[in-house]
Amino acid sequence: MASVSAQELAVDPPTAARRLLGATLSSGPVSVRIVEVEAYGSDPAGLWPDPAAHSWPGPTARNAVMFGPAGRLYVYRSYGIHVCANVTTGFDGAASAVLLRAGEVIAGHDLARVRRPASRSDVDLARGPGNLGSALGFTFDDYGTELFDPYSEIRLELNPAVPQAEIAVGPRVGVSVAADVAWRFWLPASPAVSTYRRSPRAPERS
């Protein structure tokens with residue numbers, strides 16, 4: 001049976017993404033407060049068709065966890081280097097996930113600094129999806145982790161929902177298709193939010 005918290009994420013991708021803002025994600029002694037996310041939907045036959053999503057080709061060994069249930073960790077490697085973290089959302093069998101783009105380190109700073117020696121300041125430790133994954137020490141062995149399992153080494157806590165007036169909305173970063181879909185959400189008051197960069201492969205705005 002899904003936990004109450006996981007059930008809160010069993011909704012459409014944008015709603016789940018907003019709910020994850022302000023949440024606390026912990027891996028061992030390192031914890032971050034999530035301040036920027038991007039929502040991704042389903043394959044063409046799913047509830048939220050999204051050609052920018054990893055689920056678009058249908059279930060594969062890589063994206064299987066995206067097809068549910070909600071509340072699990074989906075990790076993948078970006079540019080062959082960085083391990084990026086997503087939280088699965090939506091209904092069991094209906095693919096969707098939310099990419100965690102940036103966070104503020106709120107515990108375990110010393111270990112996060114060791115993992116991110118190039119960071120110029122603590123604000124940079126988990127700014128950007130690859131940096132967030134590095135600060136938390138994620139690897140492919142963490143794929144599919146149940147984030148609301150109280151015995152898990154990686155745990156997600158949904159804090160009180162952030163008021164809608166405190167959330168900014170805009171297009172997703174770096175995608176070459178569906179580039180203008182406004183499924184990126186962030187807390188503009190946080191200095192840890194990453195810089196928006198439109199993919200050079202995305203069609204020009206009309």
Side-chain angles (χ1 to χ4, degrees), residues 5-6 8-9 11-41 52-53 70-76 78 82-89 96-116 118-138 142 145 147-148 154-175 181-199:
S5 294
E8 287 192 62
L9 300 179
V11 291
D12 62 273
T15 299
R18 291 172 181 269
R19 187 66 186 90
L20 283 165
L21 287 171
T24 302
L25 181 62
S26 302
S27 179
V30 180
S31 297
V32 303
R33 175 177 177 257
I34 303 303
V35 299
E36 181 186 2
V37 295
E38 283 179 349
Y40 288 90
R72 297 192 177 185
L73 186 67
Y74 168 45
V75 292
Y76 67 88
S78 176
H82 306 291
V83 174
C84 299
N86 302 252
V87 178
T88 61
T89 58
S96 66
V98 174
L99 171 65
L100 308 180
R101 283 203 53 84
E104 299 169 348
V105 176
I106 57 175
H109 290 80
D110 290 345
L111 180 54
R113 292 183 195 116
V114 169
R115 290 171 172 166
R116 293 271 298 118
S119 296
R120 293 170 296 178
S121 70
D122 285 356
V123 169
D124 293 325
L125 287 171
R127 176 192 278 159
N131 296 335
L132 184 149
S134 294
L136 289 165
F138 289 155
D142 300 318
T145 296
L147 297 172
F148 296 109
I154 303 171
R155 302 168 309 283
L156 180 66
E157 179 181 356
L158 297 180
N159 296 318
V162 176
Q164 298 299 315
E166 297 177 13
I167 298 175
V169 182
R172 297 176 290 194
V173 176
V175 295
V181 173
W183 278 10
R184 174 177 169 246
F185 306 90
W186 67 96
L187 302 180
S190 173
V193 173
S194 68
T195 302
Y196 172 74
R197 292 185 176 87
R198 184 180 177 85
S199 170

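Without hydrogens or angle criteria, T88 side chain to A97 main chain gives no donor-acceptor distance under 3.5 Å. The backbone N or O of R115 sits nowhere less than 3.5 Å from a side-chain atom of S134 that would complete a donor-acceptor pair.
The OG atom of S119 lies 6.0 Å from the CG atom of N131; values are rounded to the nearest 0.5 Å. L9 contributes atom CG, which lies 13.0 Å from atom CZ of R72 (distance to the nearest 0.5 angstrom). Between the CH2 atom in W186 and the CD atom in E166 there is a gap of 15.0 Å [rounded to 0.5 Å].
The two residues V75 and A85 have their closest heavy-atom pair at CG1-CA, 4.4 Å. Closest heavy-atom contact between S78 and C84: CB-SG, 3.6 Å. Residues P14 and A39 approach most closely at N-CB, 4.0 Å, considering heavy atoms. Residue G137 comes nearest to D142 through the heavy atom pair O-OD2, 4.1 Å, listed as atom of the first residue, atom of the second, then distance. When all heavy atoms are compared, the tightest approach of Y196 to R172 is CE1-O, 3.5 Å. Minimum heavy-atom separation, V193 to V35: CG2-O, 3.9 Å.
By the side-chain hydrogen bond (donor to acceptor under 3.5 Å, both in side chains) test, R33 pairs with E104, sequence neighbours left out. Residues satisfying the side chain to side chain contact (heavy atoms under 4.5 Å, CB included) test with A23, not counting sequence neighbours, are L156, L158. Looking at residues two or more places apart in sequence or on another chain, you find a side-chain hydrogen bond (donor to acceptor under 3.5 Å, both in side chains) between T15 and D12. For A135, the side chain to side chain contact (heavy atoms under 4.5 Å, CB included) partners at least two apart in sequence or on another chain are A112, R116, A126. Take T195 and apply the side chain to side chain contact (heavy atoms under 4.5 Å, CB included) test, not counting sequence neighbours, and it matches R197. Here T24 pairs with S26, S31, I106, E157, N159 under the side chain to side chain contact (heavy atoms under 4.5 Å, CB included) rule; sequence neighbours left out. The ring pair (Phe, Tyr, Trp, His ring centres under 6.0 Å) search around F148 returns none, not counting sequence neighbours.
The side-chain heavy atoms of F138 and L25, taken from C-beta on, include a pair separated by under 4.5 Å. A 4.5 Å side-chain heavy-atom check between I154 and S27 finds at least one atom pair inside the cut-off.
Pairs of residues two or more places apart, or lying in two chains, never qualify as salt bridge (Lys or Arg N to Asp or Glu O under 4.0 Å) while including a residue from residues 22-31. Judged as a salt bridge (Lys or Arg N to Asp or Glu O under 4.0 Å), the pairs with a partner in residues 181-195 (not counting sequence neighbours) are, in order, E36-R184. For residues 17-31, the salt bridge (Lys or Arg N to Asp or Glu O under 4.0 Å) pairs, not counting sequence neighbours, are E8-R19. Residue pairs that meet the salt bridge (Lys or Arg N to Asp or Glu O under 4.0 Å) test with at least one member in residues 122-133, sequence neighbours left out, are R113-D122, R120-D124, D124-R127.
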May I have the step-by-step check of side-chain contact (heavy atoms from CB on, under 4.5 Å) for W183 and V175, ending in yes or no?
CA-CA 12 Å; W183 278 10; V175 295; over 6 Å; no

Verdict with supporting geometry, F185 and L20, side-chain contact (heavy atoms from CB on, under 4.5 Å)
CA-CA 10 Å; F185 306 90; L20 283 165; over 6 Å; no

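Side-chain atoms of S194 and R101 include a donor-acceptor pair closer than 3.5 Å.
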